[in-house]
Each structure stands twice: as C-alpha cells, then as structure tokens.
Amino acid sequence: MDSFDVTVIGSGPGGYVAAIRCAQLGFKTALIEKYNTLGGTCLNVGCIPSKALLDSSEHFYNAKTHFSEHGIELNDLKANLPQMIKRKAAVVKQTCDGVSFLMKKNKVTVITGHASFKNATIVSIKGADDKITEIETKHTIIATGSKPSVLPGITIDKKRIITSTEALELNEIPKHLIIIGGGVIGLELGSVYARLGAKVTVVEFLDSIIANMDRSLGKELQKVLTKEGFEFLLSHKVTSVKGGAKEVNVEAENSKGEKIKIKGDYCLVAVGRKPYTEELDLEKAGVQTDERGRIITDEHLQTNVPGIYAIGDVVKGAMLAHKASEEGVLAAEIIAGQQPHINYRLIPGVVYTWPEVASVGFTEEELKVGAVKYKTGSFPFKASGRARASMDTDGFVKVLADAATDEILGVHIIGPRAADIIAEAVVAMEYRASAEDIARMSHAHPTFTEAVKEACLAATDNRAIHI
Ligand code: FAD
Ligand code: NAD
C-alpha cells in the first residue's frame with residue numbers, strides 16, 4: 001500500500017492549493033479527484049466558465065447598446081451562443097490543464113477516483129473501472145466542496161428546470177428565463193442571458209437581491225439590472241415548478257399568500273449550495289458534521305479526528321474560491337507546525353454583473369445591529385472622469401469608518417471593475433488604515449480607484465474634492 005504524509009480529497013481551489021502548499025512544505029502529497037479534470041466546481045462549472053460567458057455576453061451587449069455612441073457602426077450583429085460556449089470550454093480546458101501541470105511541477109501524486117474513508121488513516125479510492133486502491137495517510141485534508149441545493153418538491157430535469165451547471169451549457173438563448181433566487185448565481189447567469197436577449201424574471205424570497213451584502217448595493221444593482229430588462233419579484237417564495245417539453249410553469253406566493261403564475265421556457269434554480277460529502281464514509285473515520293451537513297472543524301480547520309482537516313465549501317463560512325484556497329494554505333501550514341491565520345472578516349465578496357459589485361468588512365446593517373458608532377463617505381461613479389470616458393457611470397463607492405478612530409470598517413462598491421478595486425480596501429483594512437490614510441495617498445488619474453480615495457475623503461470630514 002502506498003503511503004503519504006498528506007492526502008487531499010477534492011481538487012477544487014481548496015484542494016489543489018492545499019496540495020501545492022503541502023508539497024512546498026516538503027510533504028509527500030496525494031490529491032484524489034473523482035472527475036477526470038482537476039479544478040473542482042470553480043474551474044469546471046463555476047467561477048471560470050461563468051466569467052467566460054459573462055465576458056462574451058458583455059462584449060455583445062456593449063456592441064449592441066454602446067458602440068454606436070463610441071462611433072463604431074456595426075451591421076447584422078448576432079449572438080452566436082454555440083461559439084460562446086465553445087470558447088468557454090476552451091478557457092476551462094486551458095485552466096484545468098494548468099492545474100494538472102502544477103501538480104506535476106510540485107510532484108503531487110494525482111489519483112483519479114472516488115475517495116472514501118476505510119478508517120482514520122486509510123483512504124480507499126474507487127476508479128472508473130470500479131477497481132479499489134487503498135492508500136495510507138498520516139494526515140488528510142477533506143476538500144470535497146458543494147453541490148447545488150434543490151427545493152423540496154421541485155425536480156431538476158436538467159432540460160427545462162436547470163441548475164448553474166446546465167445554464168453554462170445551453171444550446172439556445174432562452175426566450176424567457178425564470179430564475180429562482182436573487183443571489184450571486186442568479187444575477188450572474190441571468191446577466192449572461194439578459195444581455196443576449198432573453199427576458200429574465202428573478203423570483204426572490206427576501207425583500208432584496210444579494211441580501212447578504214450591504215443593502216445599498218442590492219438596491220443600486222436592482223435599479224441597473226431593471227434598466228437592462230430584468231424583472232424582479234421580491235418577497236416571493238416559489239412553491240411549484242413544473243417542466244414540460246418546451247415550457248416551464250412556476251408558481252410563487254408573496255408574504256400575504258397571494259399567488260402568481262409565470263410561464264417561461266427555462267427555469268434556473270439558484271437557491272444556494274450544500275456541502276458535498278456523499279459516499280465519503282465519514283463515519284468510518286469518526287468525522288462529525290453539523291445540522292447543515294457541513295464538516296465541523298476547530299479554528300485550525302481540524303475535524304474532531306486528529307490529523308483529519310476540512311476546508312472550503314464543505315465547512316462553514318462563505319462559499320468562495322479564494323476562501324477555500326486560503327483555508328488550503330492554512331491547513332497545510334498547520335500540519336507543518338506553523339501558526340497561520342485567516343482574517344475571515346476581510347475575505348472580499350464579488351458579484352460579476354456589470355456594474356460589478358464588491359464588498360469587504362462590515363455592512364452598514366451589521367454596524368447598526370452592533371451599535372458601533374460609524375461615519376460614511378460615498379462617491380458616485382458619475383462624478384468620475386474615467387467612468388465618464390468609458391460610459392460606466394452607474395454605481396458608487398461607500399466607505400464606513402469608525403466615528404472615533406477613523407479606522408475603515410467596511411468598503412462597499414458597485415461600479416466598473418469593482419472586483420479589482422476591492423483589493424485596495426482589503427490591503428488598507430488588513431493594515432488597519434484610517435479613511436484619511438487612503439484619502440492622503442496618491443491615486444493615478446484618471447482611474448476608477450480615484451472613487452475610493454474620494455469616498456475616503458468624504459468620510460474624513462466631508463472633504464471630497466470632485467463632488
Ligand atoms: P469544489 O470546487 O467544489 O471542489 C471539490 C472537488 O472535490 C470536486 O472536483 C469534486 O468532484 C471532488 N470530490 C468530491 N467528493 C469527492 C470524493 N469523495 N472523492 C474524490 N473527489 C471528490 N466563487 C468565487 O470565489 N468566485 C466566483 O466567481 C465564483 N463563481 C461561481 C459560479 C458558479 C456558477 C458556481 C456554482 C460557483 C461559483 N463560485 C465562485 C463558488 C466556488 O466555485 C466555490 O466556492 C469553490 O469551488 C469551492 O472550492 P472547494 O475546493 O471547496 O470545492
Ligand atoms: P445565494 O445564497 O447567493 O442566493 C440564493 C438566493 O435564493 C437567496 O437570496 C435566497 O433568499 C433565495 N431563495 C432561497 N429559496 C427560495 C425560494 N423558495 N424562492 C425564492 N428565492 C429563494 O446562492 P447562489 O446564488 O445559489 O450561489 C451559491 C454559492 O455560490 C454562494 O454561496 C456564492 O458565494 C457562490 N458563488 C459565488 C460567486 C461569486 O463569488 N461571484 C458566483 C456564483 C456563486
């Protein structure tokens with residue numbers, strides 16, 4: 001039986017990063033993945049393919065709506081969805097191949113097959129031919145990720161009633177796409193098809209879209225997406241979805257119990273994701289899960305069984321690729337006897353609509369609940385020269401700072417390239433910068449990042465210059 005210092009189960013951004021860090025630290029490392037390609041949800045059916053389609057659809061939308069104003073005339077503009085899907089597949093392949101290359105480079109042993117525990121130190125792997133291989137391991141990192149949640153009584157037929165996985169592979173542009181859930185997946189994939197011409201209706205149970213972010217962001221995003229043609233039914237709970245050969249019928253009710261019926265040709269169910277531990281035989285190793293199926297870990301990401309760790313979507317916390325990767329590094333370094341730390345409060349969240357939405361730190365609602373005395377500074381992109389030049393004037397930067405110390409407590413952005421801009425806020429907050437610190441730093445002109453400086457100036461005694 002082969003034996004390893006560390007065995008990582010699952011090759012997503014949690015698992016493959018953990019494997020690389022383990023190898024860097026000198027451990028003999030195995031990475032087990034049940035699919036033939038590495039990269040997990042993120043690279044195969046998540047972050048990367050969705051961003052590839054978002055980019056393609058954004059080009060199309062800009063060509064259709066903005067190019068003539070830029071002085072670019074186009075005739076016979078058409079969206080070629082099969083080509084977009086083909087390009088997306090090529091991007092995914094390149095990215096997954098890149099992970100395989102990194103495994104070779106770092107001398108990580110990749111084993112293809114479904115892993116399960118025989119006991120706390122022996123992992124059994126069932127290959128495609130049902131052949132079982134067993135390996136012995138001193139430490140294990142479980143990084144098996146998550147799968148889409150489903151609603152009770154609603155069957156995903158994968159044809160008309162679909163999850164994000166099928167929505168990344170459609171062979172026609174829906175005429176009317178009904179989306180259950182106004183969260184990240186619903187709005188990103190809804191944007192792809194709305195830009196390509198689909199009517200998109202979002203049915204959301206809560207009274208706001210992207211409700212776990214600062215409320216001001218959902219409000220502004222809803223305004224912009226409504227202009228793009230989205231229809232929103234907030235405070236509506238979906239009660240039934242029935243798929244036919246060519247249509248789908250959705251029923252929902254509002255808080256007063258009033259019912260509505262919507263007819264479309266596709267229904268995307270995007271109501272969250274659940275941890276994936278199927279057929280892992282956790283009980284044979286004695287590993288415990290909580291009431292939501294998440295593997296329970298301590299602050300070192302160790303499970304109740306010494307030597308077995310768990311990271312990423314399969315444990316508590318935000319279901320984000322970069323959170324999974326940070327945890328992969330942390331678990332590897334803990335195994336190596338180091339003392340790493342993750343500041344969970346400063347893991348940024350991003351929604352890749354256009355305008356993009358990005359957020360880090362406390363929301364205004366959280367500060368109110370915590371009775372923290374804070375001040376705010378905002379700057380709208382319509383006052384930014386860079387944003388006017390690129391016709392990206394929707395949105396704003398909002399900075400929340402401690403009323404007494406001026407320390408930045410939260411930064412919430414909706415606007416062009418917010419996903420990239422938020423990195424400045426993360427750095428500032430990691431170093432516990434005050435709003436005035438950022439306000440006094442030179443930001444290149446003209447850039448979108450000047451809006452962060454201006455919002456910090458606004459938070460510092462209302463000193464914004466350009467508004
Ligand atoms: P996963 O990526 O889910 O990987 C787990 C791997 O484990 C899988 O490959 C699985 O096959 C394998 N596995 C499971 N069980 C076994 C077993 N028993 N044996 C062997 N292998 C096993 N996050 C972002 O930060 N940014 C984004 O832009 C973003 N976009 C997304 C878009 C979509 C449509 C979706 C669905 C998700 C998106 N996410 C995004 C979330 C992100 O994909 C996840 O947070 C991330 O993939 C979690 O990483 P992970 O390593 O924990 O698990
Ligand atoms: P989500 O939690 O973001 O949103 C789900 C939404 O569905 C919620 O707003 C919820 O109130 C609503 N909902 C639940 N039941 C409902 C019902 N019966 N009727 C109407 N609405 C209902 O989940 P998601 O969009 O499925 O995304 C799953 C995970 O994937 C998220 O945790 C997210 O972090 C991750 N993800 C991240 C990115 C990114 O970082 N850009 C992109 C996609 C996915």
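As the structure lists them, so they are numbered: ligands from 1, and atoms in each ligand from 1.
- For Cys267, there are no disulfide (SG to SG under 2.5 Å) partners two or more places apart in sequence or in a different chain.
- Below 4.0 Å from some heavy atom of His236 lie the following atoms of ligand 2, by number and element: 19 (N), 20 (C).
- Contacts with ligand 2 closer than 4.0 Å are made by side-chain heavy atoms of Ile180 only, the backbone lying farther away.
- Among protein heavy atoms, atom 44 (C) of ligand 2 sits closest to Ile185 CG1, 3.3 Å.
- In this structure, of Val238, Asp313, Thr41, Val350, the residue bringing a heavy atom nearest to atom 17 (C) of ligand 2 is Val238.
- Among Met213, Lys323, Glu204, the residue whose heavy atom lies nearest to atom 12 (C) of ligand 2 is Glu204.
- Salt-bridge check for Lys51 with Glu188: passed, with a basic side-chain N closer than 4.0 Å to an acidic carboxylate O.
- For atom 26 (O) of ligand 2, the closest non-hydrogen atom on the protein side is Gly272 N, 2.8 Å.
- Within the listing of ligand 2, atoms 28 (C), 29 (C), 30 (O) sit less than 4.0 angstrom from a heavy atom of Arg273.
- Relative ring orientation between Phe448 and Phe381 is described as perpendicular, the plane-to-plane angle rising above 60° on a 0-90° scale split at 30° and 60°.
- Cation-pi geometry between Lys284 and Phe117 is not satisfied (NZ or CZ under 6.0 Å from the ring centre, within 45° of the ring normal).
- Contact annotation for Val203 and ligand 2: only backbone heavy atoms (N, CA, C, O) come within less than 4.0 Å of the ligand.
- Of the protein's non-hydrogen atoms, the one nearest atom 5 (C) of ligand 2 is Ala270 O, 3.4 Å.
- With Val269 as the fixed residue, the side-chain contact (heavy atoms from CB on, under 4.5 Å) test singles out one of Val238, Ile180, Val150: Ile180.
- Below 4.0 Å from some heavy atom of Leu206 lie the following atoms of ligand 2, by number and element: 11 (O).
- With ligand atoms numbered from 1 in the order given, ligand 2 contributes 41 (N) to contacts under 4.0 Å with heavy atoms of Tyr352.
- With respect to the salt-bridge test (charged N to carboxylate O, under 4.0 angstrom), the residues Arg215 and Glu364 do not qualify.
- The backbone N or O of Ser235 sits nowhere less than 3.5 Å from a side-chain atom of Asn254 that would complete a donor-acceptor pair.
- By the ring pair (Phe, Tyr, Trp, His ring centres under 6.0 Å) test, Phe230 is found to be paired with Phe232, residues two or more places apart in sequence or in another chain being considered.
- Around CD of Gln94, the count of heavy atoms belonging to other residues, nucleotides or ligands within 6.0 Å does not exceed 12.
- Of the candidates Asp97, Thr95, Asn44, Thr112, Asn44 is the only one forming a side chain to side chain donor-acceptor pair (under 3.5 Å) with Thr37.
- When hydrogens are left out, the protein atom nearest atom 13 (N) of ligand 2 is Val271 CG1, 3.8 Å; that is the closest non-hydrogen contact.
- A salt bridge is defined here as a Lys NZ or Arg NE, NH1 or NH2 lying under 4.0 Å from an Asp or Glu carboxylate O, and Asp55 with Lys88 fails to meet this definition.
- Among protein heavy atoms, atom 7 (O) of ligand 2 sits closest to Gly181 CA, 3.2 Å.
- Looking from atom 32 (O) of ligand 2 to the surrounding protein, the closest heavy atom is Met319 CB, 3.5 Å.
- Summarising the contacts of atom 1 (P) of ligand 2 with Gly183, Ala211, Ala252, the nearest heavy atom is found in Gly183.
- With a heavy-atom cut-off of 4.0 Å, Glu188 touches ligand 2 through its side chain alone.
- Remark: Cys47 engages Cys42, Ala321 in a side chain to side chain contact (heavy atoms under 4.5 Å, CB included) (not counting sequence neighbours).
- Ion pairing between a basic and an acidic side chain is recognised when a charged N comes within 4.0 Å of a carboxylate O; Lys323 and Glu326 show no such pairing.
- Atom 3 (O) of ligand 2 has as its closest protein heavy atom Val184 N, 3.3 Å.
- Residue-level contacts of ligand 1 at the 4.0 Å heavy-atom threshold are Ile9, Gly10, Ser11, Gly12, Pro13, Gly14, Gly15, Ile32, Glu33, Lys34, Tyr35, Gly40, Thr41, Cys42, Val45, Gly46, Cys47, Ser50, Lys51, Gly113, His114, Ala115, Ala143, Thr144, Gly145, Ser146, Ser164, Ile185, Arg273, Tyr276, Leu280, Gly312, Asp313, Met319, Leu320, Ala321, His322, Ala324, Tyr352.
- Look at Glu220 and Lys398 and you find no salt bridge, because none of the NZ, NE, NH1 or NH2 atoms lies under 4.0 Å from a carboxylate O.
- Looking only at protein heavy atoms, the nearest one to atom 21 (N) of ligand 2 is Phe205 N, 3.1 Å.
- Salt bridge Glu251/Lys259: absent, no basic N to carboxylate O contact under 4.0 Å.
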